[in-house]
Structure formats: structure tokens, C-alpha cells
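First the structure, in the form of C-alpha cells, and then the observations on it.
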Amino acid sequence: MSRAFCIPGVFFLFSAFVLLFIVSVSLPYLTAMDITRVHTNGGSSVSGQEALTQLRLGIWAYCYQVSNGNTICNNAGHGYSLTVVNTQNNTVYIGSSWTRGLAIHPVACAVTFVALLLSFSQHITVTLIASLVSFLAALITLIAFAIDIALYAYFKNEMGNLGFGSQTITGPGFWLTFVSFILLLLAGCTVCFGRRRDRMSAATTSYPMSSPKIPFFSKFRRN
């Protein structure tokens with residue numbers, strides 16, 4: 001494959017893999033890598049616990065900060081749920097149906113890793129497969145980003161019922177997923193174009209220019 005196309009394609013895939021891996025670790029292991037968060041300034045609590053100043057939703061768990069600055073996370077698990085109560089005892093419930101789909105992020109990360117491994121090959125057929133797998137990873141990442149958007153929209157609406165709608169924002173994991181999607185699209189196109197250039201180069205090499213024709217009567221001339 002042409003080096004001008006090979007190196008950027010591998011770089012895009014590697015960058016997307018690293019970003020998706022960080023997002024997939026998420027809360028409670030990386031407390032800064034949440035999908036969405038809300039700042040309550042002590043005006044609410046989670047499941048009857050002490051008042052919190054900030055609540056973050058990740059892929060595997062939720063974490064909240066209390067007034068003394070400590071961060072507390074619930075046990076990691078797939079499809080968690082939580083209940084948020086404000087000072088007026090108004091309650092909202094975030095069910096597991098809204099967080100269960102977040103587990104698709106590690107799937108996108110795994111498919112991206114497969115595409116990254118395939119992109120190192122110089123075989124034309126393997127590079128075509130690498131391009132297709134890159135587009136597949138981009139599709140799965142797009143689905144993951146759509147789930148992030150749905151969770152953020154629902155969470156913002158529910159927090160608005162408690163008076164914290166304007167304080168509800170997207171987290172770093174939300175935007176890293178979007179960046180990963182863009183990188184995977186670029187990677188798929190780059191690897192695909194690199195394969196096409198490689199095929200054109202091989203075709204040119206396989207059919208060299210024929211030698212010039214010698215006029216018929218020149219064969220009978222004396223030296």
C-alpha cells in the first residue's frame with residue numbers, strides 16, 4: 001500500500017482505539033470519563049444518601065461528589081439505575097433501560113482494535129477487509145453515540161423536573177465517542193483509497209510499455 005495513505009490510516013485507527021478504550025473504562029475507574037453530568041450545589045441526593053454537589057453518569061456506574069469534595073461511586077455493573085431527590089422531596093428515577101445500551105462502547109473498541117491489526121497488512125485483500133471493518137466500527141460507534149445522546153436528553157429532561165436542567169451538561173466521554181466516530185470514518189476512507197492506489201500501481205507494473213516497432217523495409221537495409 002502507498003505509504004502516504006497507509007500511515008494516516010493506521011494513525012486514525014490507533015487514535016480511535018485509544019479514545020474508545022478510555023471511554024470504555026469509564027466510571028467508576030476513571031471518574032472524569034462520564035457521559036453526562038449535573039451540578040446541583042448540594043440541592044439533591046441520590047437514593048437517600050447525603051447531599052451531593054455533582055452527579056456523573058458513566059458506562060458502568062454513576063458517581064457523585066459531596067460537599068467535602070469526596071467522590072463516591074456505586075458498584076460497577078451493566079445497566080445500573082438510580083433515584084435522585086431534591087430538597088423539595090421531588091424524585092426522578094433513571095432506569096437501567098437507559099444505561100444498559102452504554103455497553104456497546106467496548107464493542108466498538110474491540111472492532112476498532114481488529115481493524116487496527118488488519119491495517120498493518122500489506123496484502124490487498126486484507127487491507128480491503130481492514131477498510132470494511134473500519135466502517136463497521138464507525139457504524140457501531142455511531143450507534144453508541146446515539147445512545148449517549150438519548151441518555152443525555154433524557155437525563156437533562158429529568159433533571160429539569162428537579163430544577164437542574166440548565167446545570168446538566170455532556171461529559172468528556174460523550175465527545176470522545178463523537179471524535180472516535182469521525183476518526184473511524186477517516187480511517188476507512190484512507191485505507192480504502194490506499195488500496196485503490198496500490199491496485200493501480202500494480203496494474204501499471206504488470207503491463208510495461210511495449211518496445212517500439214521496427215519498420216518492415218528497414219530489415220532489408222545494409223549496415
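FYI, the numbering just counts along the sequence from 1.
H105 places none of its side-chain heavy atoms less than 4.5 Å from the side chain of I147. Side-chain contact between V85 and N90: absent, with no pair of heavy atoms (C-beta onward) separated by less than 4.5 Å. Inter-residue side-chain proximity for M159 and V84 is flagged as met; some heavy-atom pair is nearer than 4.5 Å. A 4.5 Å side-chain heavy-atom check between Y80 and W60 finds every atom pair outside the cut-off. A 4.5 Å side-chain heavy-atom check between Q167 and R37 finds every atom pair outside the cut-off. Looking at T83 and V92, their side chains never come closer than 4.5 Å, going by heavy atoms from C-beta outward. A heavy-atom distance below 4.5 Å is found between the side chains of L82 and L55. Looking at heavy atoms from C-beta onward, R56 lies in side-chain contact with L27 at the 4.5 angstrom threshold.
Residues passing the side chain to side chain donor-acceptor pair (under 3.5 Å) test with H78: none are found, sequence neighbours excluded. Residues satisfying the side chain to side chain donor-acceptor pair (under 3.5 Å) test with N74, not counting sequence neighbours, are none. With sequence neighbours excluded, the residues satisfying side chain to side chain donor-acceptor pair (under 3.5 Å) with T170 are W175.
When all heavy atoms of S180 and A16 are compared, the closest pair comes out as OG-O, 3.8 Å. Between C73 and T31, the closest heavy-atom pair is SG-CG2, 4.1 Å. Minimum interatomic distance between A138 and F181 (heavy atoms only, all atoms of both residues): O-CD1, 3.2 Å. Across P172 and A32, no two heavy atoms sit closer than the pair CG-O, 3.2 Å. The nearest pair of heavy atoms linking S26 to M33 is OG-O, 3.1 Å. The two residues I94 and F155 come nearest to each other via the heavy atoms CD1-CD1, 4.0 Å.
Expressed to the nearest 0.5 Å, how far SG of C109 lies from CD1 of I140 amounts to 11.0 Å. Annotation: the span from S24 atom OG to L176 atom CG amounts to 10.5 Å, rounded to 0.5 Å. For the atom pair L13 CG and L116 CG, the distance stands at 5.5 Å (nearest 0.5 Å). Here the straight-line distance linking atom OG1 of T91 with atom CG of N161 works out to 11.5 Å at 0.5 Å rounding. One distance of note links OG1 of T190 with CZ of F12; it measures 5.0 Å at 0.5 Å rounding. Taken from OG1 in T141 to CG in L19, the straight-line distance is 10.5 Å, to the nearest 0.5 Å.
Within the 3.5 Å criterion, the main-chain N or O of I124 finds a donor-acceptor partner in the side chain of T127. S131 contributes no side-chain N or O that, together with a main-chain N or O of L128, makes up a donor-acceptor pair within less than 3.5 Å. Proximity of a side-chain donor or acceptor of S15 to a complementary backbone N or O of F11 within less than 3.5 Å is detected. T168 places a side-chain N or O within 3.5 Å of a backbone atom of F164 that can act as its donor or acceptor partner. Looking at S134, its side chain never comes within 3.5 Å of a backbone N or O of A115 through a donor-acceptor pair. Side-chain atoms of T53 do not come within 3.5 Å of backbone N or O of G69 as any donor-acceptor pair.
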Take L132 and L136, measure what side chain to side chain contact (heavy atoms under 4.5 Å, CB included) needs, and give me the verdict at the end.
-> CA-CA 6 Å; L132 296 177; L136 175 61; over 6 Å; no
Take F120 and V126, measure what side chain to side chain contact (heavy atoms under 4.5 Å, CB included) needs, and give me the verdict at the end.
-> CA-CA 9 Å; F120 286 104; V126 177; over 6 Å; no
Please step through side chain to side chain contact (heavy atoms under 4.5 Å, CB included) for the pair L185 and L183, ending with a clear verdict.
-> CA-CA 5 Å; L185 284 181; L183 290 174; over 6 Å; no
Full working for side chain to side chain contact (heavy atoms under 4.5 Å, CB included) between Y93 and S81 | CA-CA 8 Å; Y93 176 73; S81 60; 3.4 Å; yes
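Counting heavy atoms of neighbouring residues, nucleotides and ligands inside a 6.0 Å radius, atom CG of N68 exceeds 12 of them. Counting heavy-atom neighbours within 6.0 Å of Y154 OH, excluding the residue itself, gives a total above 12.
Linking Ile, Leu, Val, Met, Phe, Trp and Tyr whenever their side-chain heavy atoms come within less than 4.5 Å puts I182 and I149 in one cluster. Linking ILVMFWY residues whenever their side-chain heavy atoms come closer than 4.5 Å, directly or via other members, leaves V46 and I169 in distinct clusters.
F178 has its ring centre less than 6.0 Å from the ring centre of F145.
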